[in-house]
Amino acid sequence: MRKLFKRVVSLGLLGTLAVASLAACGTKNNSSGAGGDDTASGDGTFLIGGLGPLTGAAASYGISVKQGAEIAIQEINDAGGVKAGDQTLKLVLQFEDDEADGDTAMAAYNTLMDKGIQALLGTVTSGAGLAISDQTSADGILQITPSGSAADLTKNPNAFRLCFTDPLQGQTMAKYAVETLGNKKVAIIYNNADDYSTGVADAFESEVKALGGEIVAKEAFVTDAVDFNTQLTSIKGTDAQIVFAPVYYQDAAYITTQASELGITLPFIGSDGWDGVIDKVVDTKVLEGAVFLSPFLATDSDSAVQAFVGKYKEKYNATPDQFAADGYDTVYVIKAAIEKAGKTSSADLIKAMTEIEVKGLTGTVTFNADGEPNKGAKFVEIKGGEYTAKTVE
Amino acid sequence: MESIIEQLINGLRSGSIYALIALGYTMVYGIAKMINFAHGDIIMVGAYSLYVFIARLKMPVVPAVIFTILVCAIIGVVIEKVAYKPLRKAPPLAVLITAIGVSYLLQNLAQLIFTANPITFKSIINLKAVKIAGITIPGITLVTLVVTFICMAALTLFINKTKAGSAMRAVSEDKAAAQLMGINVNRTISMTFAIGSALAAVAGIIFICQFQSVEPTLGALPGIKAFVAAVLGGIGSVPGAMLGGLLLGVIESVSKAYISTQLADAIVFGVLVIVLLVKPSGLLGKNSIEKV
């Protein structure tokens with residue numbers, strides 16, 4: 001496990017290094033080609049700015065988004081580039097590290113603006129995004145967050161989101177638990193010190209009640225907790241039929257393992273934070289039958305997904321996760337917006353956003369005027385120690 | 001009813017770990033009159049050692065456990081010799097800050113060697129859950145309770161019945177007088193650190209088996225809680241540390257289950273404040289008058 005991690009990290013670093021040197025070459029060519037022209041579009045390129053954590057605790061998210069986006073950019077450029085009206089543009093990605101931190105994100109965003117970016121792919125995390133959203137709005141640049149799920153991220157007219165929001169996940173899982181599975185009595189275990197977990201849990205709770213279900217236990221824990229025995233014992237003492245855990249994968253691993261030790265046999269359902277849980281448990285039996293939402297599944301038999309997974313593995317020697325797919329799709333959304341608008345100014349691109357439909361790895365997506373995506377949910381079931389796609393009526 | 005008993009058992013189980021760690025705090029305080037804040041990180045060292053011996057070096061369980069305890073005991077003694085002994089005449093604040101420094105050193109060394117990513121580890125204790133009258137007790141909980149009880153009993157016997165134990169008690173009463181009586185104070189202090197760290201190693205082994213995952217900061221929170229337990233029971237008192245640890249675990253579990261998860265820590269520390277207001281020396285601590 002550790003070996004694998006080390007390999008992934010070193011390859012990731014290697015990849016980053018390689019890309020950094022390539023990007024450096026690109027910039028050099030640009031400046032010599034443009035000859036002092038300060039508009040980047042003058043030389044047949046469209047510069048996308050990327051913002052996400054490449055170092056720090058959330059680094060894996062940022063690195064995945066960046067790598068996914070790079071694959072999309074390579075595909076598009078290899079196929080000839082993007083047609084904007086009568087000119088053809090090559091896409092260039094300039095990705096800056098925001099360490100998932102508001103202040104760093106602001107500085108990194110300013111760096112990107114100085115380099116003349118024409119659209120912003122970011123931020124990867126919600127907190128960093130909220131810190132810069134007013135500034136991007138004042139600058140009027142098209143901003144698409146691939147994976148930030150906080151509701152306020154899209155409050156400005158220039159901002160769009162590719163991933164699901166927290167409340168939407170909660171509502172979808174509530175419908176699944178109550179309507180699809182017919183469970184009326186539901187228990188929740190969630191992290192009440194975390195916006196994501198609380199947001200999903202609250203939306204789930206109100207939707208379950210609206211559908212005529214009953215929340216028989218709502219147990220909370222705080223970030224970094226490792227002992228869930230007390231909460232699970234409380235759940236065990238109720239007549240719950242199913243347990244909903246909108247948590248990240250490490251917590252999910254602790255919860256399911258300890259539940260199994262306590263002799264709890266109730267089925268578990270979760271949110272997209274569960275992606276990666278299989279690597280974190282000792283015995284995958286404790287996860288058997290658990291169902292969670294994920295916009296992307298690397299083992300999906302869909303041909304586009306498999307092509308992407310193949311390219312990603314070849315380039316980075318790693319299996320892409322949902323963040324990589326989000327990054328990939330976001331680049332295609334930007335491409336579609338440029339082609340629809342036929343121009344490259346942000347005002348035109350923003351107007352085009354609500355008119356496009358993109359068939360991406362994370363589903364076919366359209367955007368409404370609020371900047372929110374419209375797309376179907378994908379359910380994932382853990383069967384025999386593997387993630388498998390699950391079709392839900 | 002079953003639920004309440006199960007919650008109490010949960011409390012005893014986490015309390016056992018606190019008690020094992022608190023013993024180290026209290027013994028070191030009793031003898032060296034210092035708070036060894038690096039003590040909590042010794043359980044992290046124990047957890048990683050067991051992981052290395054079992055998962056990396058593929059050792060059988062019994063030698064792996066013995067080596068883990070040895071590693072922690074040796075590290076405890078080395079820390080005392082290198083970091084604390086030169087400061088024995090220094091003001092208490094200097095020692096306290098050094099202890100915090102050692103704690104960070106251990107955490108960061110672990111992070112350097114093993115990265116900050118949690119590592120999964122398969123428990124070495126594979127005991128089936130026991131069901132008695134509708135109450136399920138997981139195997140690991142049973143083992144935790146039994147191991148803790150054995151450690152406590154052995155330590156009590158050691159302190160009260162052996163010569164080395166008498167030496168420890170004598171040093172904690174009066175270092176200078178003990179030296180005059182022919183007790184090797186330095187060796188007694190080393191022994192105390194070794195025993196305290198060995199108990200922390202046991203706590204680390206139980207911890208890694210309960211949670212099946214290791215990370216560099218795993219000792220921090222149990223360390224702080226165990227410190228609270230030691231103060232609650234009366235710092236310097238060995239039975240006090242045992243009582244304090246178990247009590248803390250139960251209070252925590254019951255407040256989590258029946259009051260609020262978020263308030264659980266506040267309640268635990270609130271209890272500490274009340275006890276200290278009523279009885280400043282802790283539940284079983286001796287009231288001693290300090291001459292200023």
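Below, chain A is the first sequence line, B the second, and so on; all start at residue 1.
- With chain B as partner, the option from A:Asp227, A:Leu262, A:Val222, A:Asp224 having the largest number of non-hydrogen pairs under 4.5 angstrom is A:Asp227.
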Worked verdict on A:Tyr254 versus B:Gln212 for side chain to side chain contact (heavy atoms under 4.5 Å, CB included): CA-CA 8 Å; A:Tyr254 284 130; B:Gln212 313 207 10; over 6 Å; no

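- Ranked by non-hydrogen atom pairs under 4.5 Å with chain B, the options A:Asn192, A:Asp283, A:Thr257 are led by A:Asn192.
- The parts of A:Thr233 that come within reach of chain B are both its backbone and its side chain, each placing non-hydrogen atoms under 4.5 angstrom from that chain.
- In terms of heavy-atom pairs under 4.5 angstrom with chain A, the leader among B:Ser213, B:Ser260, B:Ala129 is B:Ser213.
- Enclosure of atom CZ in B:Phe149 is not indicated, since only 12 or fewer non-hydrogen atoms of other residues, nucleotides or ligands lie within 6.0 angstrom.
- When the side-chain contact (heavy atoms from CB on, under 4.5 Å) test is applied to B:Phe121, the partners found at least two apart in sequence or on another chain are B:Leu50, B:Tyr51, B:Ile54, B:Ile124, B:Ile208.
- Proximity to chain B involves both the backbone and the side chain of A:Glu261, based on heavy atoms less than 4.5 angstrom apart.
- Under the 4.5 Å side-chain criterion, counting only non-hydrogen atoms from C-beta, B:Glu6 is not in contact with A:Asn229.
- Only the side chain of B:Glu215 comes within contact range of chain A, with heavy atoms under 4.5 Å apart.
- At least one donor-acceptor pair under 3.5 Å links the side chain of B:Thr261 to the backbone N or O of A:Ala220.
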Derivation and outcome, side-chain hydrogen bond (donor to acceptor under 3.5 Å, both in side chains), residues B:Lys256 and A:Ser234: CA-CA 10 Å; B:Lys256 256 194 217 168; A:Ser234 296; over 6 Å; no

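- Using a 4.5 Å heavy-atom cutoff, the side chains of B:Pro118 and A:Gln250 are in contact.
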